[in-house]
Amino acid sequence: MTEKGQHQPIIVRSGERVVLSLHNTSMMAHPMHLHGHVFQVVGLNGRRVAGALRETVHVPPMSMVDVALDAGEAARWMLHCHHMPHLATGIMTEFAVTASA
């Protein structure tokens with residue numbers, strides 16, 4: 001994530017299998033939420049796991065969580081921290097799904 005208004009969209013194709021690595025380099029926890037999709041937690045700090053399906057994942061301080069998903073409907077989806085003060089400071093980006101080739 002970047003400063004407020006400076007995000008770089010994550011661009012994928014509908015139907016594409018995607019793994020997102022969520023890196024938390026702060027001393028605060030971040031419950032990261034992706035609109036319009038469900039994902040599976042597949043890694044915690046570089047260790048493979050077979051986690052549950054979810055749409056929000058807790059990313060502890062100074063940690064990394066990998067999630068896998070199949071990109072859904074072509075649209076612009078929001079990926080953000082579910083703590084509203086964190087969202088207001090710019091902990092968000094766009095998960096942009098384009099039509100399949």
Heavy-atom closest contact ([X] atom, [Y] atom, distance):
X     : Y     : result
Ala68 : Val19 : CB-CG2, 4.1 Å
Pro61 : Ala29 : CG-N, 3.9 Å
Arg13 : Ala99 : NH1-O, 3.3 Å

Listing request: all salt bridge (charged side-chain N to carboxylate O under 4.0 Å, His left out) pairs with a residue in [range], at least two apart in sequence or in separate chains.
range          : value
residues 73-98 : Arg76-Glu94
residues 24-45 : none
residues 59-70 : Arg17-Asp70
residues 22-42 : none

Do [X] side-chain atoms and [Y] backbone N/O form a donor-acceptor pair below 3.5 Å?
X     : Y     : value
Ser14 : Thr98 : no
Asn24 : Pro60 : yes
Thr93 : Leu79 : no

Identify, with sequence neighbours excluded, every residue that meets side chain to side chain donor-acceptor pair (under 3.5 Å) alongside [X].
X     : answer
His23 : none
His86 : His30
His35 : His80

For this session: To the nearest 0.5 Å, tell me how far Leu22 CG sits from Phe39 CZ.
Result: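 One gets 7.0 Å once the value is rounded to the nearest 0.5 Å.
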
Problem set entry | Spatial distance of atom CZ (Phe95) from atom NE2 (His37) [nearest 0.5 Å] |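 Separation between the atoms: 5.0 Å.
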
I'd like to know if [Y] and [X] are part of one continuous hydrophobic network [Ile/Leu/Val/Met/Phe/Trp/Tyr, side-chain heavy atoms within less than 4.5 Å].
X     : Y     : result
Leu44 : Val18 : yes
Leu69 : Val41 : yes
Val49 : Met32 : yes
Met64 : Val57 : no

For this session: Scan residues 47-61 for pairs that pass side-chain hydrogen bond (donor to acceptor under 3.5 Å, both in side chains), counting only residues two or more places apart or in two chains.
Result: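 For residues 47-61: His33-Thr56.
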
Problem set entry | Note, Met92 side chain near Cys81 side chain (heavy atom, < 4.5 Å) |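 Not touching, per the 4.5 Å side-chain cut-off.
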
Exercise. With side chains defined as the heavy atoms from C-beta onward, is the minimum distance between Leu34 and Val67 less than 4.5 Å?
Worked result: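 No, too far: nothing below the 4.5 Å cut-off.
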
Problem set entry | Working for side-chain contact (heavy atoms from CB on, under 4.5 Å), residues Val97 and Glu16 | CA-CA 9 Å; Val97 181; Glu16 180 180 358; over 6 Å; no

Exercise. Linking Ile, Leu, Val, Met, Phe, Trp and Tyr through side-chain heavy atoms less than 4.5 Å apart, which residues share a cluster with Met27?
Worked result: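 When side chains under 4.5 Å apart are linked, the cluster holding Met27 also contains Met62.
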
